[in-house]
Asker: 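Here's a structure for you.
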Amino acid sequence: MQIKEKIELKNKGEETKIKSNKINAKLTWKTAIDLDLYCFCREKKESGGFFNKLFNSNNDVQDKTIYYGSKGSSSFGPCILLDQDAGVGDKSGDNEENINFYKISKIQYALIAVNIFNKPNSNFALYDGKISVTDNDRSIEINLNDSTLGNWCVIALIDNSGSEAKIININKVMRNTPKLVDFIGR
């Protein structure tokens, strides 16, 4: 697919609508560091019908984490799949990890985050990491540019709780594993 439009979400809080039901979030970097792409997500609750309510009284949806240890699925659950774990052992080069979202309509929220493996006091601004989200023929780019020390960088939030799905630049470095609940309802 040819990219016709490039959108940069440079500042925290900037957002744009998601136009497609299928998108890709790509993490790229060249520095000798092991970055890992994560997605913390919550599926939409089933509206249910008479039989769903009768036979499935507990309709609560639990949050899920997609990462190198639990890569997800293209057809089950929230329909999110991580392709690979790149840069293992602080390998430099053309490193790339992709998380594919196959059905945005099934997701209520998804938090895209990056972890620097086994380096708790790192500075994301020193690395050349970038997230590109491909949505139809658009590329939405968010750089990892927060210079706060930590090993987690929450990049963006996909919010599909309203009438239209949108992606919001978060770009927040943390020392602890992010929790989806801390970023929704903004």
Asker: Please give me the minimum heavy-atom distance between Lys12 and Asn171, naming the atom from each residue.
Answerer: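 Between these two residues, the closest heavy atoms are CE-O, 2.8 Å.
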
Asker: For the residue pair Glu97 and Trp29, what are the closest heavy atoms and their distance?
Answerer: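 For Glu97 and Trp29, the tightest heavy-atom pair comes out as OE2-CH2, 3.9 Å.
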
Asker: For Arg138 and Thr16, run side-chain contact (heavy atoms from CB on, under 4.5 Å): C-alpha distance rounded to whole Å, both residues' side-chain angles, the deciding distance at 0.1 Å, then the answer.
Answerer: CA-CA 11 Å; Arg138 301 184 315 152; Thr16 189; 3.4 Å; yes

Asker: Counting only N and O atoms by type, is there a donor-acceptor contact under 3.5 Å from the side chain of Asn115 to the main-chain atoms of Asn151?
Answerer: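 Yes; judged by distance alone, with no hydrogens or angles, the pair exists.
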
Asker: Which heavy-atom pair separates Asp135 from Lys19 by the least distance, and what is that distance?
Answerer: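 The answer is OD2-N, 2.7 Å.
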
Asker: So, for Arg42 and Asp63, which heavy atoms are closest and what is the spacing to 0.1 Å?
Answerer: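 In this case the closest contact between Arg42 and Asp63 is NE-OD1, 2.6 Å.
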
Asker: Check this for me: does any side-chain nitrogen of one of Lys179 and Asp182 sit under 4.0 Å from a carboxylate oxygen of the other?
Answerer: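 No, no charged N to carboxylate O under 4.0 Å.
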
Asker: Looking at Ile112 and Ala25, what are the two nearest heavy atoms and their distance?
Answerer: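 Answer, listing the atom of Ile112 first, then Ala25: CD1-CB, 4.0 Å.
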
Asker: State whether the side chain of Asn121 and the backbone N or O of Leu149 hold a donor-acceptor pair below 3.5 Å, judged by distance alone.
Answerer: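 Pair absent, no side-chain N/O of Asn121 close to backbone of Leu149.
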
Asker: Working to the nearest 0.5 angstrom, can you tell me the gap between Glu8 CD and Ile142 CD1?
Answerer: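 Rounded to the nearest 0.5 Å, the CD-CD1 separation comes out at 10.0 Å.
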
Asker: For Asn169 and Asn11, indicate whether the former's side chain and the latter's backbone hold a donor-acceptor pair under 3.5 Å.
Answerer: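 Yes, because the side chain of Asn169 sits within donor-acceptor range (under 3.5 Å) of the backbone of Asn11.
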
Asker: Give me the ring orientation class for Tyr67 and Tyr38: parallel if the planes are under 30° apart, tilted from 30 to 60°, perpendicular past 60°.
Answerer: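 Ring orientation, 0 to 90° scale: parallel.
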
Asker: So do Lys106 and Phe101 actually touch side chain to side chain, heavy atoms under 4.5 Å?
Answerer: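 They are not in contact (no side-chain heavy atoms under 4.5 Å apart), so the answer is no.
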
Asker: Give the table of side-chain donor-acceptor pairs shorter than 3.5 Å for residues 81-91, with sequence neighbours excluded, one pair per line with atom names and distance.
Answerer:
unit_1, atom_1, unit_2, atom_2, d
Asp83, OD1, Asn98, N, 2.8
Asp83, OD2, Asn98, ND2, 3.0
Gln84, NE2, Glu96, O, 2.9
Asp90, OD1, Asp34, N, 3.1
Asp90, OD2, Lys119, NZ, 2.7

Asker: Find out whether Lys26 and Thr134 are in side-chain contact, i.e. whether some heavy atom of one side chain is under 4.5 Å from a heavy atom of the other.
Answerer: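 No. Closest side-chain heavy atoms not under 4.5 Å.
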
Asker: Apart from Val181 itself, which Ile, Leu, Val, Met, Phe, Trp or Tyr residues share its cluster (side-chain heavy atoms under 4.5 Å, direct or through members)?
Answerer: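 None, because no other hydrophobic side chain comes under 4.5 Å of this residue.
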
Asker: Quick check: do Ile155 and Ile170 have side-chain heavy atoms less than 4.5 Å from each other?
Answerer: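 No - every pair of side-chain heavy atoms lies 4.5 Å or more apart.
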
Asker: What residues, two or more places apart in sequence or in another chain, satisfy side-chain hydrogen bond (donor to acceptor under 3.5 Å, both in side chains) together with Ser105?
Answerer: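 Partners of Ser105 under the side-chain hydrogen bond (donor to acceptor under 3.5 Å, both in side chains) test: Asn21.
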
Asker: Rounded at 0.5 Å granularity, tell me how far CZ in Phe183 sits from CG in Leu111.
Answerer: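 Reported value, rounded in 0.5 Å steps: 6.0 Å.
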
Asker: Within this structure, what is the CD1-CG distance for the pair Ile167 and Asn160, rounded to the nearest 0.5 Å?
Answerer: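 Answer for the CD1-CG pair, Ile167 versus Asn160, is 12.0 Å.
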
Asker: In chain order, what residues pass the side-chain hydrogen bond (donor to acceptor under 3.5 Å, both in side chains) check against Thr148, with sequence neighbours excluded?
Answerer: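 Expected list: Asp146.
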
Asker: Between CD1 of Ile140 and CD of Glu14, what distance do you get to the nearest 0.5 Å?
Answerer: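 Going from the CD1 atom of Ile140 to the CD atom of Glu14 covers 12.0 Å.
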
Asker: Could you please spell out the steps behind the side-chain contact (heavy atoms from CB on, under 4.5 Å) verdict for Val173 and Trp152?
Answerer: CA-CA 6 Å; Val173 172; Trp152 284 97; over 6 Å; no

Asker: How many angstroms lie between CD1 in Ile80 and OG in Ser73, if you round to the nearest 0.5 Å?
Answerer: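 Result: 10.5 Å between the selected atoms.
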
Asker: Around atom NZ of Lys71, are there more than 12 heavy atoms from other residues, nucleotides or ligands closer than 6.0 Å?
Answerer: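 Check passes, neighbour count above 12.
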
Asker: Side chains of Phe40 and Thr177: does their closest heavy-atom pair fall under 4.5 Å?
Answerer: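 With C-beta onward as the side chain, the pair touches.
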
Asker: Is the shortest heavy-atom distance from the side chain of Leu37 to the side chain of Ile131 under 4.5 Å?
Answerer: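 Yes, at least one pair of side-chain atoms sits under 4.5 Å.
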
Asker: Does the Asn100 side chain pair with the main chain of Tyr102, one donor and one acceptor, at a distance under 3.5 Å?
Answerer: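 The answer is no, because no donor-acceptor pair under 3.5 Å joins these two groups.
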
Asker: Restricting to side-chain hydrogen bond (donor to acceptor under 3.5 Å, both in side chains), what partner residues turn up for Lys30, sequence neighbours left out?
Answerer: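 Lys30 satisfies side-chain hydrogen bond (donor to acceptor under 3.5 Å, both in side chains) with Asp94 only.
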
Asker: Would you say Ile23 and Ile158 make side-chain contact, with heavy atoms under 4.5 Å?
Answerer: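 Yes, at least one pair of side-chain atoms sits under 4.5 Å.
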
Asker: If you compare all heavy atoms of Lys166 against all heavy atoms of Ile168, which two are closest, and at what distance to 0.1 Å?
Answerer: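 Taking Lys166 first and Ile168 second, the nearest heavy atoms are CE-CD1, 4.1 Å.
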
Asker: Which distance, rounded to the nearest 0.5 Å, do you find between the SG of Cys41 and the CD1 of Ile99?
Answerer: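 So the gap between those two atoms works out to 9.0 Å.
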
Asker: Could you tell me if the side chain of Gln108 sits less than 4.5 Å from the side chain of Ile184, heavy atoms only?
Answerer: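 No, side chains not in contact.
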
Asker: Please enumerate all residues that pass salt bridge (charged side-chain N to carboxylate O under 4.0 Å, His left out) together with Glu164, with sequence neighbours excluded.
Answerer: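 Scan of Glu164 (salt bridge (charged side-chain N to carboxylate O under 4.0 Å, His left out), adjacent residues dropped) gives Lys17.
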
